[in-house]
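So the structure is just underneath, and the comments pick up after that.
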Amino acid sequence: MRSSQLFGKTLRQAPADAENISHQLLTRAGFIQQIAAGIFSLQPLGNRSITKIRDIIRDEMDRAGGQEVNMPVVQPRDLWEESGRAETFVPPLASFKDRRERQMVIAPTHEETATAMARASVTSYRDLPFTIYQIQTKFRDETRPRGGLLRVREFEMKDAYSFDADEEGMDRSFQSMIGAYRRIFKRCGLDVVMVEADSGGIGGKDSNEFVLLTESGEDIILMSDESDYAANVEKAAFTKKSFPIGELGEVEEFATPGVKTIDELARQEGVSRSKTAKAVFYTVDGEVVVVTIRGDYDVNETKLRNLLGGSEPRLSTPEEVKAVGLVAGSASAVGLKGIRSVVDDSITMGSNYLAGANKEGFHLRNVNIDRDFKADILGDIAEAKKGYPSPDGKGKLVARRGIEVGHVFKLGNVYSSKMGAEYTDEDGQQNQILMGCYGIGVGRLLAAAVEANHDDSGMVLPRAIAPYDVYLAGLNLNDPDIAGKAEMLYESLQNAGYEVLFDDRDAPPGVKFKDADLMGIPARVVISSRSIENGGVEVKARAEKESVVVAETDTLEAVRKVLS
RNA sequence: CGGGGUGUAGCGCAGUGGUAGCGCACCCGCUUUGGGAGCGGGGGGCCCCGAGUUCGAAUCUCGGCACCCCGACCA
């Protein structure tokens, strides 16, 4: 490609509303163009990079035994009624009515469609296992798209779905996809970590995210400083501090005028926060529930949601708290009737707590679970924080930010049970198909790669995903001799199999160098009157400062070295 | 969905009541060729939209829309 013919222009300044580095660079280099919030067009350079990423993904999916399919973007809402996600999918499904007044949705993901596909053609265990995938556009009507390509509404996603007869098979498929994912990210030049994650709106039990650790990420990852434990904060566990359980004391009420918080309570009584039982109120599906957790920990709402069965909890409003007869600041689960009680297991790792008396200005001493209040649900709802002991007993947790570039889920029978995807086993029995699903955001992967690989001058892309391999800058092209040599180089580089962007513009050298750097093309070749005086052409790696001068006849070899 | 901010030329910005300007980009000419060159000339704007106030609105008022950021939520 000749720069003089290339569609798309580089910008000296990024649009003011591009705050994110990848957004700025991708825009300035002419890779992408924003059309609306979270909706982008790809220009030729961006499209070339995306195509390369897509090809890598396809290659690894096929290698892992995946079969490519294509499912519809627009689907009848009925399909989503079957799985129950017509109501529960957050962000809301984008939908519209077709000309026959039928409700249609724009697919944000394809578990339903994939399950329907399997259901239609699987009848026997002999039909299993298999994995299908597609690379295709999704639409999710996000409340807040952000960061250029990092979080968008319309995006291309590689989504894969595995179907197995039993748990062992599902695990095998799952592991096989994990292997493919690791190879994909490696080939794209990304150093990602796999972390435990919450499965959110997709469902299923186990899920893992692939995360690029970088400060610009929006996810918080907690990882052990001594072991390979790593998890998204939504999911992260830790070893809770345990205290010896002494003799249970008598409950006694005492005055705490003006005390509204755990800190104030602990200070007044001269004890650590771990001696207090904190009560927090959440409203779930219109019902107020009381959540009790030891005073030294905070509630993780994702864990709470999962314990409560999947509905989204939110902090109750003061009005709601009042309406059920509770006193904010002096509340506890003690003596409460008709209100569901959720208790963090940290409460069982100690005794004789200070807790609210459910009476303005009073608290209780020696409050103990079971004797003084009950737990309808007991489990782990504590938020892990940096410095806490790793749950595997090895080391402390440290917090890092990261970008989620891939997510894999063990779905089990979540969809097959609801949608009736079954097969007949060797014994003639009907069984539900066990599924897994696996997603990679293609555009986000490019943005993440830029976040991870740039310097002050622009992107520094790995060859595998750069739009071109070589940036050939011809200077002094008014000189027919140099122009001729540049043309010959252009030819020979292409004949050698390189993808070359030939800057043949009548522009000053600085302009060409700036553009080459901005676009992040891994190898740069310069031919000019000066390079010829110096003995040939200059070859430089984008990631290196210094160039080397080689004889024209050695150009291919020098380029090969730079790109290897 | 809450809070904050911004909408003026392709991009970055100035313009506090008298009908719009600067830098870059763009076009023409000459000059120039090692890190976004120089000189001269030129083109381009429903000043986000609508209503109002005013003799007169980019500017003031009201309403709307769009976009960005923080949070909530989210793969």
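Residue numbers start from 1 in every chain, and the chains themselves are labelled A, B, ... in the order their sequence lines are given, proteins ahead of strands.
Among the nucleotides B/A72, B/A37, B/G23, the one closest to any side-chain atom of A/Gln13 is B/G23. Side-chain proximity of A/Ser531 to the nucleotides B/G34, B/C11, B/A72 is greatest for B/G34. Considering only the side chain of A/Asp506, B/U32 comes nearest among B/C73, B/U32, B/C68. Which of B/C1, B/G35, B/A75 sits closest to the side chain of A/Thr143 comes down to B/C1. Of the candidate nucleotides B/U33, B/A75, B/G34, B/A75 has the atom lying nearest to any side-chain atom of A/Arg444. Of all nucleotides listed (B/A72, B/G34, B/C68), B/A72 comes nearest to the side chain of A/Arg144.
At the heavy-atom level, A/Phe409 lies under 4.0 Å from the strands shown only through sugar-phosphate atoms. Residue contacts for A/Thr10: at a heavy-atom cut-off of 4.0 Å it reaches a base atom on one of the strands shown. Within 4.0 Å (heavy atoms only), A/Gly147 reaches sugar-phosphate atoms of the nucleic acid but no base atom. The residue A/Glu209 sits apart from the nucleic acid: no heavy atom pair falls under 4.0 Å. Among the heavy atoms of the strands lying under 4.0 Å from A/Val152 is at least one base atom, whether or not backbone atoms are also near. If you check every strand for non-hydrogen atoms under 4.0 Å, A/Arg524 touches a base. Heavy atoms of A/Ala197 sit nowhere under 4.0 angstrom from any nucleic acid atom. In this structure, A/Pro508 reaches the bases: a heavy-atom distance under 4.0 Å links it to at least one base atom across the strands shown. Within the nucleic acid shown, A/Ala507 comes within 4.0 Å of at least one base atom, counting heavy atoms only.
What separates CG of A/Leu315 from C1' of B/C73 is a distance of 13 Å, to the nearest Å. Atom CG of A/Leu304 and atom P of B/C73 are 11 Å apart (whole Å). Rounded to whole Å, atom C1' of B/G12 lies 12 Å from atom CG of A/Asp17. Remark: C1' of B/A75 and NZ of A/Lys138 are 11 Å apart, rounded to the nearest angstrom. If you measure from atom CD of A/Gln24 to atom P of B/C68, you get 14 Å, rounded to the nearest angstrom. Distance CD (A/Glu142) to P (B/G71): 15 Å, rounded to an integer number of Å. For the pair A/Glu19 CD and B/G12 C1', the computed distance is 16 Å after rounding to whole Å. B/G12 atom P lies 15 Å from atom NZ of A/Lys9, rounded to whole Å.
Residue A/Arg314 has no polar side-chain atom (N or O) positioned under 4.0 Å from OP1 or OP2 of B/A72.
Ring geometry for A/Phe185 against A/Phe210 counts as tilted: the plane angle lies between 30° and 60°, on a 0 to 90° scale. Classification of the A/Phe174-A/Tyr438 ring pair by plane angle, with boundaries at 30° and 60°, yields tilted. Classified by interplanar angle (parallel below 30°, tilted 30° to 60°, perpendicular above 60°), the ring pair A/Tyr490/A/Phe502 is tilted.
Nearest-nucleotide positions on RNA chain B place A/Lys540 closer to the 5' end than the other of A/Lys540 and A/Pro145. Residue A/Leu477 is the one, among A/Thr302 and A/Leu477, whose nearest nucleotide of RNA chain B lies closer to the 5' end (criterion: closest heavy atom).
Paired with A/Glu156 under the rule salt bridge (charged side-chain N to carboxylate O under 4.0 Å, His left out), one option of A/Arg444, A/Arg54, A/Lys138 passes, and it is A/Arg54.
At least one side-chain heavy atom of A/Gln136 sits under 4.5 Å from a side-chain heavy atom of A/His110.
In terms of polar N and O atoms assigned as donor or acceptor, the side chain of A/Glu538 comes within less than 3.5 Å of the base of B/G34 in a complementary pairing. You won't find any donor-acceptor pair under 3.5 Å spanning the side chain of A/Glu301 and the base of B/A72, going by distance alone. The base of B/A75 has none of its N or O atoms less than 3.5 Å from a complementary donor or acceptor on the side chain of A/Ser199. In terms of polar N and O atoms assigned as donor or acceptor, the side chain of A/Asn478 comes within less than 3.5 Å of the base of B/U33 in a complementary pairing. Judged by distance alone with a 3.5 Å cut-off, no donor-acceptor contact links the side chain of A/Arg28 to the base of B/G12.
Seen from the ring of A/Phe513, A/Arg524 counts as a face-on cation partner, given the 6.0 Å and 45° thresholds.
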